[in-house]
Every structure is written in C-alpha cells, then in structure tokens.
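Take a look at the structure set out below.
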Amino acid sequence: MTGCSQNSTSSNSSTPSGSPEENTVKVVRVIDGDTVDVKKPGETENTRVRLLNVDTPETKHPNKIIECMGPEATKYLEDLLPEGTPVTLEHDIETHDNYGRELAGVYKDGTLVNADIAREGLGAAVLIEPNKKFYPEVLEAQNEAEQVGKGLFDPTAECSIPAQAQQLNQALDQAPTSELGQSVEEASQFLSDLDELTKNYPHLSGLLKVAAVKEAVSGLRETLKEKREEQKAAQNATEQNNDSVVDVPAAPVAPPAQTENRDDNQPIQQAPAAPVIPEAPRQPQVPEQQPQQRAPQPPPVPQAPPAPAPAPVEPNPAPTLQRQQQAPAPAPAPEPKYTGCRSYAPGGKSWTPIPCN
C-alpha cells in the first residue's frame, strides 16, 4: 500500500491510518464496471465505493457510443470480485464525490483492480483533480490494451469508436456524389454526438486522447469535409446549368385528329342524337257519316178507301258509326209489321205511315 505523502496534511485526506487490515472490506455486490458495494467491519450498512482514475461505459444506455463495452465491463468485475471477496481500499485527497460514494483504489491480493479493468480495454484512464494517485498505473494499463487492440480499442468491435469511424469513412468514400446525402448525414450525427457526449462521460474524453481513437475520428472529420465540398460543387454546377438554359417558346401544335389520340379501349363519343318524337297511333279510317236520307214528305192527300196493302218494304237503315275501339252494337230487333195508314211517295215505291183520321 502506498504510504502517506505530503497530501496527508489536507483536511479531507483519504490516506488511511493504521494497518492495511483495518481498511480491508468484503465485497457485497458489483453495481457496474467501476462501482461496488462493500461491507466494512463493525458497520451494518453497506458502503458504495467508486474506483478512482478509471471510467467504464454505461451498462444500459440507448446510445451505442456510451454503452459500448459497458455490459462487458460489469461482467468482468463481477467475475473478478464475487460476493464475499476481501479487498483493500486506498484513498486519495478527496474521499467522496457529489453522490456520496467513497472514492478509492481497490486492491485484490495486492493488485490494483482499477488498472486491471483498463488493461482489459473495458475502461479508460481519467484524471479528475485533485485525485491523481492511481492515474499513472491505470494509464499504463490502458496503453497495453491499445497496443493489442483489446476491448474499446478493438477495430473489429462494431460498437467501438474506431470501428464506427472507419465504417462511416468507408461509406463516404464509396458513395457517388449524387448519393452522398445519407452518408454525410450519418457521419455528421456521429461526430456531433461524440462531441456532445464527451462533455458528460469521462471515459470518452479519455478514449479520444488515445492515438488510435484520435486518428480514426480525425480521419472521419477530414473525409466528411471533402465530401461536403463535393456536394456543394455539384449543387453549384447544377444551378449554373439551369440558369444557362434559355427558354424558347415552343411552336403551337395543331391538336391531333380525334381518331389518332383515341384510346381503342374507350368508346367513341358521338354527338347526341335529336330526340325521337313517338309517332301517334294511326286511327282507323271511318267513312264519313251520311245524314239519313228521308224522302220529302208530300202534302197530305185526300183519304182514299183502303186498298190491300202490299208487303211492307222495310227501309235499310243507314249504317251506324261506332266510336273507335268500341264493340259493335247488337242488331236491332225486327219491327212489328205495320198495318196502319200509309202515304206513298210519287211512283208508289215507298211509303210512310200516317195517322188514319
């Protein structure tokens, strides 16, 4: 264990007094890749300890940049420090953070666990003043992970910053100028997120100081800049071509004959026909009604003695006109034989009945 130094004079010095055994605690559970709960001797409540000078990704976060290797870091620490594992705590100048967590270097069997996490590429070395006691050892372990391309420095890990930057860079290089829109937008969003997230997540700041990560991100920025210039040049050329085109009014074109543009599948439209007036039903021709001819009545003559009467000749009655569409009238009943007084017409061929007085 590192002994006391000149920092021990600080009012909030975290260098423990007494023997290492007095600072030995037992692990209760792992919270995430850089935080554990421990049980101190003689205390009933657990103490939450935040490992100093190392920062691991978030275990659960919707952004792939932040969460990359977070679950792996948690799993690694769970395997390294199972429940009941005895560990020794060492402190620096500040002993607690704003969340009430105890800040310490955690040793297992004399090995600094903070550095073990960085050596696996599952955390980044961070320097948050005034606590810097364990930073050199953690940074050295991080360099080892970078050299072998482990964890966060693995270019084949899809979620790592180098892998994402390389993938976006290739997309920009391979896309034709006319189809750069989506690739430019995705690369811009990635870099914008990275710049913004770095302000709040220390492990990202630490990663961006690593040469391999810094080189990958810088290469993406340069490629994005070039492609934006290509886009702008192509847009300007298109606008100039559009401005140079002189609009010439087209000569009027006579409308094509109706039959040329007619769709064979469409019926031919004809002018509406004149309304047809229905023909009145023909009326049967009926002979004009002739007025019944009556012989002129002669003046009365002196009464003559009766003579034998010849057989009476019944006059032919004039035909009776029937109205259209009516059944013919029944034949008239025969008149009784007349035996009374008569008045004969000149020539004696016809007669008419007359009173006998």
Side-chain angles (χ1 to χ4, degrees), residues 1-60 69-142 145 151 201-203 206:
M1 184 182 76
T2 304
C4 296
S5 66
Q6 60 183 359
N7 293 330
S8 61
T9 59
S10 173
S11 60
N12 59 349
S13 173
S14 59
T15 303
S17 60
S19 63
E21 288 76 10
E22 295 178 357
N23 296 299
T24 299
V25 297
K26 289 188 177 182
V27 175
V28 177
R29 63 171 178 162
V30 171
I31 304 304
D32 55 28
D34 53 29
T35 308
V36 296
D37 283 348
V38 300
K39 175 78 71 175
K40 292 184 177 182
E43 295 185 2
T44 58
E45 297 292 333
N46 295 335
T47 300
R48 182 152 295 182
V49 177
R50 172 67 164 84
L51 279 66
L52 275 173
N53 299 126
V54 66
D55 190 65
T56 62
E58 297 293 326
T59 303
K60 295 181 180 180
M69 297 296 170
E72 289 82 353
T74 301
K75 179 66 167 57
Y76 172 78
L77 196 57
E78 288 175 343
D79 294 340
L80 183 64
L81 302 178
E83 182 180 358
T85 301
V87 294
T88 301
L89 305 182
E90 284 195 24
H91 303 87
D92 201 349
I93 297 175
E94 291 183 352
T95 59
H96 293 80
D97 62 9
N98 295 332
Y99 303 100
R101 298 177 298 184
E102 188 169 326
L103 304 176
V106 177
Y107 287 87
K108 176 188 177 183
D109 299 330
T111 301
L112 183 62
V113 174
N114 310 42
D116 288 343
I117 296 172
R119 189 173 289 108
E120 293 296 321
L122 300 176
V126 293
L127 179 59
I128 302 177
E129 297 289 354
N131 292 334
K132 55 185 178 181
K133 182 176 182 178
F134 309 101
Y135 179 74
E137 188 173 351
V138 174
L139 180 60
E140 182 180 355
Q142 173 184 288
Y201 295 91
H203 81 279

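As a basis for the values below, the full set of heavy atoms in this structure was taken, side chains included, without hydrogen atoms, waters or symmetry mates.
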Quick one: side-chain hydrogen bond (donor to acceptor under 3.5 Å, both in side chains) partners of K40, sequence neighbours excluded? E102
[atom2] on [Y] to [atom1] on [X], rounded to 0.5 Å:
X: L52; Y: H91; atom1: CG; atom2: NE2; result: 8.5 Å
X: N46; Y: R29; atom1: CG; atom2: CZ; result: 7.5 Å
X: N23; Y: Y107; atom1: CG; atom2: OH; result: 12.0 Å

List the atom of A104, the atom of L89, and the distance in Å for their closest heavy-atom pair. CB-CB, 4.2 Å
Nearest heavy-atom contact between R119 and A145 is O-CB, 3.5 Å
More than 12 foreign heavy atoms under 6.0 Å from CD of E45: is that the case here? no
Is K132 atom NZ crowded by more than 12 heavy atoms from other residues, nucleotides or ligands, each under 6.0 Å away? no
Donor-acceptor pair, distance only, cut-off 3.5 Å: does the side chain of [X] make one with the backbone of [Y]?
X: D97; Y: G100; value: yes
X: K39; Y: V25; value: no
X: D37; Y: V28; value: no
X: N53; Y: N131; value: yes

With the side chain counted from C-beta on, respond yes when V36 and L81 share a heavy-atom pair under 4.5 Å apart, and no when they do not. yes
Would you mind telling me which of L80, V138, L77, V106 makes a side chain to side chain contact (heavy atoms under 4.5 Å, CB included) with I117? L77
Would you kindly say whether D34 and T56 are connected by a side-chain donor-acceptor distance under 3.5 Å? yes
